Amino acid sequence: MRAMSCPASTDPARSPLLQALNPEQLAAVTLPAAHALILAGAGSGKTRVLTTRIAWLLSTGQVTAGGIMAVTFTNKAAKEMLTRLQAMLPLNVRGMWIGTFHGLCHRLLRAHWKLAALPQTFQILDTQDQLSAIKRLVKQQGLDEEQFKPKELQWFIAHCKEEGLRPHQIPIHDEDHRRKVEMYQLYEAQCQREGVVDFGELMLRSFELLRDQPALREHYQQRFRHILIDEFQDTNRLQYAWLKQLAGHEEQGRFVPGSNAVLAVGDDDQSIYAFRGARVGNMADFVREFGVRHQIKLEQNYRSHGHILDAANHLIDHNRSRLGKQLRTDQGAGEPLRVYEAPTDFAEAQWIVDEIRHLVKNDGLPRQEVAILYRSNAQSRVLESALFNAGVPYRVYGGLRFFERAEIKHALAYLRLLDNPHDDTSFLRVANFPPRGIGARTLEQLQDRARSRGCSLHDAVEHLGGAAATKLRAFVAKIDVMREATAGATLRQIIDIMLQHSGLLAHYRDDRDGADRVENLEELVNAAESFVMQEGFGRDAVALPLDETASTLAVAGQSPVSQGLDPTAALLDLPLSDAVAAETGETVSPLVAFLTHAALESGDNQAQAGQDAVQLMTVHAAKGLEFDAVFIAGLEEGLFPHENSLSNMDGLEEERRLMYVAITRARKRLYLTHAQTRMLHGQTRYHLRSRFFDELPEHCLKWLTPPSAGWGAGERGSPWGAAPSRVGMQPAWGRSGLAETGFTVPASARQTASPAQAAAPHGIRAGMQVFHPKFGEGKVLTVEGQGDDARAQVSFMRHGSKWLALSVAKLTPI
DNA sequence: TCAATCACGTTTTTT
DNA sequence: ACGTGATTGA
């Protein structure tokens, strides 16, 4: 370790930390302390660069641990960074500000709860809680749930916050819009009254805190000399604005970057979250507004074989809006991409499973090194059943997470009421659970009373008369008893007491199908135990992180006071006493901390159901992961690219980036599969092969089935459909079995060798050019349903894509 | 208050 | 097709 703490002036290559880096990576790691942008391609060692950069900054004494902030999007990424850092440096990373956007915002708000106008024990509303809070509000306002769909309202509020807008800042368009904004305002008031904040509020409130408190802002600007941001292409407007508060200030309406250094790492080609507010444009804005002079591209890929990379490069080249980047590898070309067309989704799944068994049996591939990726969750069902029937162990990502399970949410609601009896969301969740004779009617009365008095449900109870009130009082008393019984207890004891007193445990024990839920509740106790262990509550670990940091570096032979900026001193100088309190973690009780943890980290996606299992997930979920062998299933027009994204260019380009992400997950072997027909929403649908096939270089592909007509076919006016086949019928070539056999088909022949596009009686088939009296010329994308129910999705030249009932619409093939 | 029935929606998702 | 969430009847 001593060797690493060489001063910045010595040859950096001598440090063992830096030796294994390629020139671009080295340049990125050893950048001067200035704003910089790293364009990091898939598999280019991005995380490694980030962590090594931090380690390098620390070990060369350019900054102390307290002077670094590193931001990620997911807890997983944050954890990974911490783990890798710890492996590189003898450092207590606890005092470092490494975490997710929301985690760090939360930390700020806990530290400065008074300035942020929050109650000290404020709790976090997850998406579920938020929705139920909104439903409650809509009902309370006596509004029609049909007209004001809570889901829509939730979306509206979340998006306003992502844009950094408070209700009064929103320009009103029309009456409907005005009412939405009004609801937003009422929702805010409700949250404030109940002492809860949603995810968006964590971001927005801490942004405003920094914006409106100059002393605080300057303190943190002085403190965080180096700010590093991962997955920058996924940041939304508010996150970027938040960053600017930490790294500069406004002057006459213009942003002036500060003296600290922001390192943004991202990949515009992997921007797949525009639908939730991500702005790739933040990358360009960052370069402009921060006057970035250092830009580095990491294009050396350490993951995939040549053909896979070629395919990815070629595909993404079809996107127009790109910063421009080309991955390269030192590994050989490797195997070609295998393409398989199945008659049905069922057959596709069957074939994939067979192929996986061969991979495992013949090639000795560990099952967890095989992934099946798909565009939408609905596709997992048929794959799961095929795997299940074949007895192949598998694991599906993306189900309910631990802290989202109903029984856990109930338990957490009780725990929250212990700290904050005015949390109405929690109150309503468990007032009658387990059932104790408090009906919906009673709760409605209580809500009315609370509203008219402007108080919480808890406080409204004593002002309620009648028989029902007795039961409510008993409930409130129960909570009060629990609160007394748990005073001064450890987290474990609190949970044990709560589980007993609330009757939750007994309720699920009595339930015939409650075994799993009982198990989960017991797991909750374990989760709390390990949380306490990790956080080291009530012990030295949290006490003085900055001092520990200082001594660590002193041992490494460096003065923590470099550039005259001692963060410890800066902190103590602060007139903000609660900042110190927060830094030492003194003010947060273990229970509050645990509840926060539950909200911010909703837990693992699924218990490790067998390590040796094939991995199933959406392409989105696969981002950042890699596997030896990858299957991308359901590569069909309308599915992938998804039909909802076809109406505009941006949508299609995002789908293409998604495909790019999918391809670059594979190390050695990649399969691309599609089906002619598929069950979707209970109906049979006929799909064309995805246009993405036509965007891959021919020399990378190995067609295991004769290539049929694809997206490009109709466009080029080639003849159609030789022999129509029926749904479920085996194609002429049968199951060509092993991937070892293959067809080599020249690109020119691809469109004409068109087998078996299933035909419906009306004669309209996917891929046809058609004419509509009103919309004019168009191309059929999808046909679904039979008889009078048959519908087609047609992409018209002038009117975009539309769904038309074939029994009504006058479509003529041309 | 609870179970049975029915309408509804159904791209992607983290915090 | 299928699971969820709200409504209705016992």
Side-chain angles (χ1 to χ4, degrees), chain A residues 71-78 99-106 124-132 135 139 145-146 149-152 155 158 161-162 197-204 206 230-231 234-236 238-239 271-278 345 373-382 385 397-401 403-404 406 432-443 468 471 596-603 605 617-624 634 638-647 651 654-655 657-659 661-662 678-685 784:
Chain A
V71 200
T72 64
F73 272 87
T74 64
N75 292 302
K76 202 176 151 200
T100 63
F101 273 106
H102 293 84
L104 297 181
C105 285
H106 168 255
I124 298 168
L125 228 47
D126 69 15
T127 318
Q128 283 177 38
D129 298 335
Q130 187 189 27
L131 186 62
S132 61
K135 276 185 185 163
K139 270 206 195 110
E145 280 203 33
E146 291 301 302
K149 297 206 173 83
K151 272 257 173 64
E152 248 171 56
W155 185 89
K161 291 190 180 183
E162 273 164 12
V197 297
D198 61 39
F199 288 129
E201 189 71 23
L202 282 173
M203 268 321 307
L204 184 50
S206 68
D230 195 16
E231 307 279 20
D234 289 338
T235 51
N236 61 35
L238 177 57
Q239 283 157 343
S271 154
I272 54 173
Y273 286 111
F275 71 91
R276 64 172 198 213
D345 51 349
L373 310 183
Y374 36 81
R375 175 64 235 268
S376 60
N377 285 307
Q379 289 168 253
S380 77
R381 178 171 291 274
V382 64
S385 77
Y397 283 73
L400 259 197
R401 307 219 300 260
F403 287 112
E404 291 167 357
N432 195 37
F433 196 93
R436 47 177 74 90
I438 300 175
R441 196 64 239 288
T442 309
L443 287 173
K471 289 171 180 168
T596 302
H597 165 81
L600 284 176
E601 304 193 34
S602 4
N605 244 332
M617 66 194 86
T618 64
V619 180
H620 282 93
K623 192 176 165 204
L639 249 190
F640 197 0
H642 196 276
E643 57 196 18
N644 295 359
S645 66
L646 293 176
S647 51
E654 178 142 321
E655 294 290 302
R657 290 192 292 270
L658 202 49
M659 182 65 184
V661 168
R678 160 180 314 273
M679 284 297 270
L680 207 60
H681 312 322
Q683 281 187 309
T684 307
R685 298 201 6 173
E784 70 166 35

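Quantities reported herein were computed from a predicted structural model and do not represent experimental measurements. Proteins come first, then strands; the chains are lettered A, B, ... in the order of their sequence lines, and each starts at number 1.
- Listed pair A/N377 / B/dT10 fails the phosphate criterion, with no side-chain N or O lying under 4.0 Å from OP1 or OP2.
- Of the possible donor and acceptor atoms, one in the side chain of A/E654 sits under 3.5 Å from a partner among the backbone N and O of A/A274.
- Atoms CG (A/N432) and C1' (B/dC2) sit 11 Å apart, rounded to a whole Å.
- If you check every strand for non-hydrogen atoms under 4.0 Å, A/I438 touches sugar and phosphate atoms only.
- Along DNA chain B, the nucleotide closest to A/R441 and the one closest to A/N644 are compared, and the more 5′ of them pairs with A/R441.
- Using a 4.0 Å heavy-atom criterion, one finds that A/F73 contacts the sugar-phosphate atoms exclusively.
- Considering only side-chain N and O atoms, A/R401 lies under 4.0 angstrom from the phosphate OP1 or OP2 of B/dT14.
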(request) Would you check, one step at a time, whether the test side-chain hydrogen bond (donor to acceptor under 3.5 Å, both in side chains) holds for A/S376 with A/Q379? (result) CA-CA 6 Å; A/S376 60; A/Q379 289 168 253; 3.2 Å; yes
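- What separates CD1 of A/I272 from P of B/dT14 is a distance of 10 Å, to the nearest Å.
- In this structure, the nucleotide among B/dC2, B/dT13, C/dG3 sitting nearest to the side chain of A/R381 is C/dG3.
- The phosphate of B/dG9 (OP1 or OP2) has no side-chain N or O of A/K149 nearer than 4.0 angstrom.
- Residue contacts shown for A/K135 are limited to sugar-phosphate atoms, with no base heavy atom under 4.0 Å away.
- Nucleotides C/dG3 and B/dT14 are separated by 24 Å at their C1' atoms, to the nearest Å.
- Counting atom types as modelled, A/T100 pairs no side-chain N or O with a base atom of B/dT14 as donor and acceptor under 3.5 Å.
- Rounded to an integer number of Å, the gap from A/Q128 CD to B/dT15 P is 15 Å.
- A salt bridge links A/K623 with A/D234: the distance from a Lys NZ or Arg NE/NH1/NH2 to an Asp or Glu carboxylate oxygen falls below 4.0 Å.
- A/H681 has its NE2 atom 15 Å from the P atom of C/dG3, to the nearest Å.
- Aromatic stacking of A/H642 on B/dT11: satisfied, with centres closer than 5.5 Å and planes within an angle under 30 degrees.
- Nearest nucleotide to the A/T618 side chain, out of B/dC2, C/dA1, B/dT13: B/dT13.
- Residue A/T127 is classed as a base contact, given a heavy-atom separation below 4.0 Å to a base.
- Checking B/dT14, B/dC2, B/dT12 against every side-chain atom of A/R375, the shortest atom distance belongs to B/dT12.
- If you check every strand for non-hydrogen atoms under 4.0 Å, A/G437 touches sugar and phosphate atoms only.
- No donor-acceptor contact under 3.5 angstrom links the side chains of A/E162 and A/N236, judged on distance only.
- Looking at heavy-atom distances under 4.0 Å, A/N75 makes contact with sugar-phosphate atoms alone, never a base.
- Relative orientation of the A/F403 and A/H597 rings is perpendicular, given thresholds of 30° and 60° on the angle between their planes.
- Distance A/E404 CD to B/dT14 C1': 10 Å, rounded to the nearest Å.
- You cannot call A/Y273 stacked on the base of B/dT14; the centres under 5.5 Å and planes under 30° rule is not satisfied.
- For A/D198 (side chain) and A/L125 (main-chain N/O), no donor-acceptor pair under 3.5 Å exists by modelled atom type.
- Rounded to an integer number of Å, the gap from A/N236 CG to B/dT14 P is 16 Å.
- Counting non-hydrogen atoms under 4.0 angstrom, A/A440 reaches the backbone sugars and phosphates but no base.
- Remark: P of B/dT14 and CG of A/L202 are 17 Å apart, rounded to the nearest angstrom.
- With rounding to whole Å, A/R436 atom CZ is found 12 Å from B/dC2 atom P.
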